[in-house]
Amino acid sequence: MEHRGRIQVQGKKLEVSKSWSQNEPLTKKDGLEMLDVLKKKIPNKEATIRERVFKKAFRFIKNGPYQVVDKIISKTYLVADSDHERIDIEIIKGIAFSNE
């Protein structure tokens, strides 16, 4: 596949992720939907803890597109005063969060 990546929501007792591997670039719309699905998949308490970093992750996706040239693009949004509670976005290959 030409375009691959992953979005993860992680913590001490939490790990959910959604990945993509496809021939066409992942659109902003699809990336935002992926992140929203992950947000709804975790307990409300965990989503509340990550509210600020979810906003940052949504903004990162909206600011795309991003293209991997010679190394992976990796963004980590860490909850303040935490070593483990975070959201990771990795673009492993190709283009992600295109305008359609």
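For the side chain to side chain contact (heavy atoms under 4.5 Å, CB included) test with Met34, the passing option among Ile7, Ile89, Ile61 is Ile7; the others fail. Each of Glu51, Glu46, Arg52 was checked for a side chain to side chain contact (heavy atoms under 4.5 Å, CB included) with Ile49, and the lone residue meeting it is Glu46.
Summarising the geometry, atom CG belonging to Asp30 is positioned 7.0 Å from atom CD belonging to Gln22; distances are rounded to the nearest 0.5 Å. For the atom pair OG (Ser74) and CZ (Arg6), the distance works out to 9.0 Å, reported to the nearest 0.5 Å. With values rounded to the nearest 0.5 angstrom, Ile92 atom CD1 is found 5.5 Å from Ile72 atom CD1. Distance check, rounded to the nearest 0.5 Å: NE2 of His84 to NZ of Lys13 gives 11.5 Å. Note: Leu14 CG to Arg50 CZ = 5.0 Å, rounded to the nearest 0.5 Å. Expressed to the nearest 0.5 Å, how far CG of Asp83 lies from CG of Leu78 amounts to 7.0 Å.
In terms of hydrophobic clustering, with Ile, Leu, Val, Met, Phe, Trp and Tyr side chains grouped at heavy-atom distances under 4.5 Å, Val53 and Ile73 are assigned to a common cluster. Residues Phe60 and Ile95 are members of separate hydrophobic clusters, defined by side-chain heavy-atom contacts under 4.5 angstrom among Ile, Leu, Val, Met, Phe, Trp and Tyr.
Cation-pi geometry between Lys39 and Phe54 is met: under 6.0 angstrom from the ring centre, within 45 degrees of the axis.
Minimum interatomic distance between Asn99 and Pro65 (heavy atoms only, all atoms of both residues): ND2-CD, 4.3 Å. The shortest heavy-atom contact between His3 and Asn23 is CD2-O, 3.0 Å. Looking at every heavy atom in both residues, Val68 comes nearest to Ile91 through CG2-O, 3.1 Å.
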Exercise. Start with the C-alpha distance between Leu26 and Phe97, add both sets of side-chain angles, then the distance that settles side-chain contact (heavy atoms from CB on, under 4.5 Å), and finish with yes or no.
Key: CA-CA 5 Å; Leu26 183 73; Phe97 314 131; 3.6 Å; yes
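Side-chain contact between Lys12 and Glu85: present, with at least one pair of heavy atoms (C-beta onward) separated by less than 4.5 Å.
Within a 6.0 Å sphere centred on CG of Asn44, heavy atoms belonging to other residues, nucleotides or ligands number 12 at most. Heavy-atom neighbours of Lys28 NZ from other residues, nucleotides or ligands within 6.0 Å: above the threshold of 12. Under a cut-off of 6.0 angstrom, the local environment of NZ in Lys29 is sparse, with at most 12 non-hydrogen atoms contributed by other residues, nucleotides or ligands.
Within the 3.5 Å criterion, the main-chain N or O of Leu32 finds no donor-acceptor partner in the side chain of Asp36.
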